[in-house]
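A note on names: the letters A, B, ... follow the listed sequences, proteins ahead of strands, and every chain is numbered from 1.
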There are 2 protein chains.
Amino acid sequence: MRFGRRGFCKAWQGQIKDAGYRLTIPRQVILDVLANNTGHLSAEDIYLKVHKIYPQIGLTTIYRTLDLLVSVGVVLKSDFGDGRARFEIKIKDKTHHHHLICTKCSRVIDYTDFIDKELKLLAETKKGLSEKFDFEITGHLIQFYGVCKDCRS
Amino acid sequence: MRFGRRGFCKAWQGQIKDAGYRLTIPRQVILDVLANNTGHLSAEDIYLKVHKIYPQIGLTTIYRTLDLLVSVGVVLKSDFGDGRARFEIKIKDKTHHHHLICTKCSRVIDYTDFIDKELKLLAETKKGLSEKFDFEITGHLIQFYGVCKDCRS
DNA sequence: CTGGAAATGAAAATCATTTTCAATAAGGGG
DNA sequence: CCCCTTATTGAAAATGATTTTCATTTCCAG
Ligand SMILES: [Mn+2]
Ligand SMILES: [Mn+2]
Ligand SMILES: [Zn+2]
Ligand SMILES: [Zn+2]
């Protein structure tokens, strides 16, 4: 079992232990797979990759571990509207980003640009909405849909 | 069969025929139910309501008709993250709006306020993203999550 | 009115995710 | 280092929203 991003893995493993969970082989392997794949993977994508390293893994464990990692704050879960959840590990510095989704080929682009302006609007909107509807806003979802370069040629 | 919002119904029925579809009883009843319920209904919600008026309806027809209405542009389909799609009819003037979703009770609030500022940011962001990633943006999704007044008391 | 295409409804199929439950493994105390 | 308790795992079955299939019914143009 090779661990890329070893430093990060250590930190993530710490988060798991700190939350009171055991550090099992399946969890380490799943974390490792997530750490070495930048994309937005489905549970099955992850299952297939983990399976190569640790063939006795069960899909159930993938789902359970992903839930755990999301709850601990190590993993981000997204829904791009294709009926399956997508997961990506939260890497230091590249934390808050939004998604640009190609409706033709399902390619997903992360972007952090324009986040400054967005943040400003978000702050204003949040304030306005909170006051107007007496609603305590805890999160937001912003996604753009369109057609990527390749799918237009 | 009573039709509220009769004027609108006529217009919507026109859209269906214009798109080359037949104007059947199930479609009229579903349209009627949507027109008289402002909320964000699931397919089953709609099925139950339609069933009272037209008991022979099948859930399959609900799904098929909703697809059709969405494709024709008469109905808006949303996903609030609870595993079932929600539908609402597009009423003149209150067209473009976003959603505020209570994570405790699932209440959904429509809002059009701040849309102006949002639109401005959206325009800028769209332009920036289009240029930077050579991506043709066709749509966006913006939702706020939080806890409503009632769920905090 | 009528024929043929479009639409419908019941039942079965899909498919991602969850639940159940018996077997296994982690890791703190001895 | 070894146990013991309890968390975790994996296989299989269950779930639940949505889709597909297919035989029957309905719409509506001619
Ligand atoms: Mn991402
Ligand atoms: Mn709405
Ligand atoms: Zn594409
Ligand atoms: Zn609430």
Side-chain angles (χ1 to χ4, degrees), chain A residues 1 12-33 40-72 74-75 77-87 106, chain B residues 1 12-33 40-72 74-75 77-87 106:
Chain A
M1 197 178 352
W12 290 318
Q13 290 179 8
Q15 284 187 256
I16 292 175
K17 300 217 76 170
D18 290 349
Y21 297 110
R22 292 180 182 174
L23 196 54
T24 64
I25 305 290
R27 283 171 188 170
Q28 286 175 252
V29 180
I30 291 170
L31 208 45
D32 185 44
V33 162
H40 302 84
L41 300 93
S42 66
E44 201 190 346
D45 291 339
I46 296 167
Y47 171 74
L48 260 22
K49 288 180 190 295
V50 170
H51 188 268
K52 286 185 188 160
I53 302 170
Y54 188 76
Q56 61 264 53
I57 195 77
L59 185 52
T60 313
T61 301
I62 301 288
Y63 278 107
R64 276 189 297 228
T65 303
L66 287 170
D67 272 357
L68 184 153
L69 294 175
V70 168
S71 80
V72 167
V74 168
V75 160
K77 179 178 185 176
S78 302
D79 174 8
F80 299 143
D82 64 344
R84 57 183 55 192
R86 301 277 165 178
F87 304 86
S106 300
Chain B
M1 197 180 346
W12 290 319
Q13 290 178 9
Q15 284 187 255
I16 292 174
K17 301 216 74 169
D18 289 351
Y21 297 110
R22 292 181 181 174
L23 197 54
T24 65
I25 305 290
R27 284 172 189 172
Q28 285 175 253
V29 180
I30 291 169
L31 209 44
D32 186 43
V33 162
H40 303 84
L41 300 91
S42 66
E44 200 188 348
D45 291 339
I46 296 167
Y47 170 74
L48 261 20
K49 289 180 190 294
V50 170
H51 188 268
K52 286 186 188 157
I53 302 169
Y54 187 77
Q56 60 264 55
I57 195 75
L59 186 52
T60 313
T61 301
I62 301 288
Y63 277 107
R64 276 190 296 228
T65 303
L66 286 170
D67 271 356
L68 183 153
L69 293 175
V70 168
S71 79
V72 166
V74 168
V75 160
K77 180 179 186 177
S78 303
D79 174 8
F80 300 143
D82 65 343
R84 57 182 54 189
R86 302 277 164 177
F87 303 86
S106 300

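- Across the protein-nucleic acid pair, B:Leu66 atom CG and D:dT19 atom P stand 10 Å apart, rounded to whole Å.
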Audit row: A:Ile62, A:Leu59, side chain to side chain contact (heavy atoms under 4.5 Å, CB included) steps and yes/no: CA-CA 5 Å; A:Ile62 301 288; A:Leu59 185 52; 4.3 Å; yes
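- Annotation: the span from B:Asp79 atom CG to A:Asp79 atom CG amounts to 5.0 Å, rounded to 0.5 Å.
- The interatomic distance linking B:Ile57 (CD1) with C:dA7 (C1') rounds to 11 Å, in whole Å.
- Whole-Å rounding puts the A:Tyr54 OH to D:dG10 P distance at 5 Å.
- Nearest to the side chain of B:Ile25, among C:dG27, D:dC27, C:dG9, sits D:dC27.
- Nucleotide C:dT17 holds its P atom 12 Å from the CD1 atom of A:Ile62, rounded to whole Å.
- Spacing between atom CD1 of B:Ile46 and atom P of D:dA17 amounts to 14 Å, rounded to whole angstrom units.
- Checking D:dT9, C:dA16, C:dT18 against every side-chain atom of A:Pro26, the shortest atom distance belongs to D:dT9.
- Results of the side chain to side chain contact (heavy atoms under 4.5 Å, CB included) test with A:Lys49 over A:Val29, A:Asp32, A:Val33, A:Ile30 single out A:Val33 as the only residue that passes.
- The CZ-P distance, from A:Arg64 to D:dA11, rounds to 11 Å in whole Å.
- Of the listed nucleotides (C:dT17, D:dA11, C:dG9), C:dG9 has the atom at the smallest distance from the side chain of B:Gln56.
- A close approach under 4.0 Å does not occur between any side-chain nitrogen or oxygen of A:Arg27 and OP1 or OP2 of C:dA26.
- Distances shown here put a side-chain N or O of A:Lys17 below 4.0 Å from the OP1 or OP2 atom of C:dG27.
- Between the OH atom of B:Tyr63 and the P atom of C:dT8 there is a distance of 16 Å, rounded to whole Å.
- To the nearest angstrom, P of D:dT26 lies 15 Å from CD of B:Gln28.
- When distances run from any side-chain atom of B:Leu23 to the nucleotides D:dC28, C:dT8, D:dG10, the shortest one goes to D:dC28.
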Walk me through it: do A:Leu31 and A:Gln13 pass the test side chain to side chain contact (heavy atoms under 4.5 Å, CB included)? CA-CA 8 Å; A:Leu31 208 45; A:Gln13 290 179 8; 4.0 Å; yes
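- Taking the side chain as every heavy atom from C-beta outward, A:Leu69 and A:Phe87 never approach each other to under 4.5 Å.
- Residue A:Arg22 places no side-chain N or O under 4.0 Å from the OP1 or OP2 atom of D:dT8.
- Proximity note for B:Ala85 (side chain, C-beta onward) versus D:dT18, D:dT8, C:dT19: the nearest is D:dT18.
- Side-chain nitrogen and oxygen atoms of A:Thr24 include at least one within less than 4.0 Å of the OP1 or OP2 phosphate oxygen of D:dT9.
- Proximity of A:Thr60 to the phosphate of D:dG10: no side-chain N or O atom is located under 4.0 Å from OP1 or OP2.
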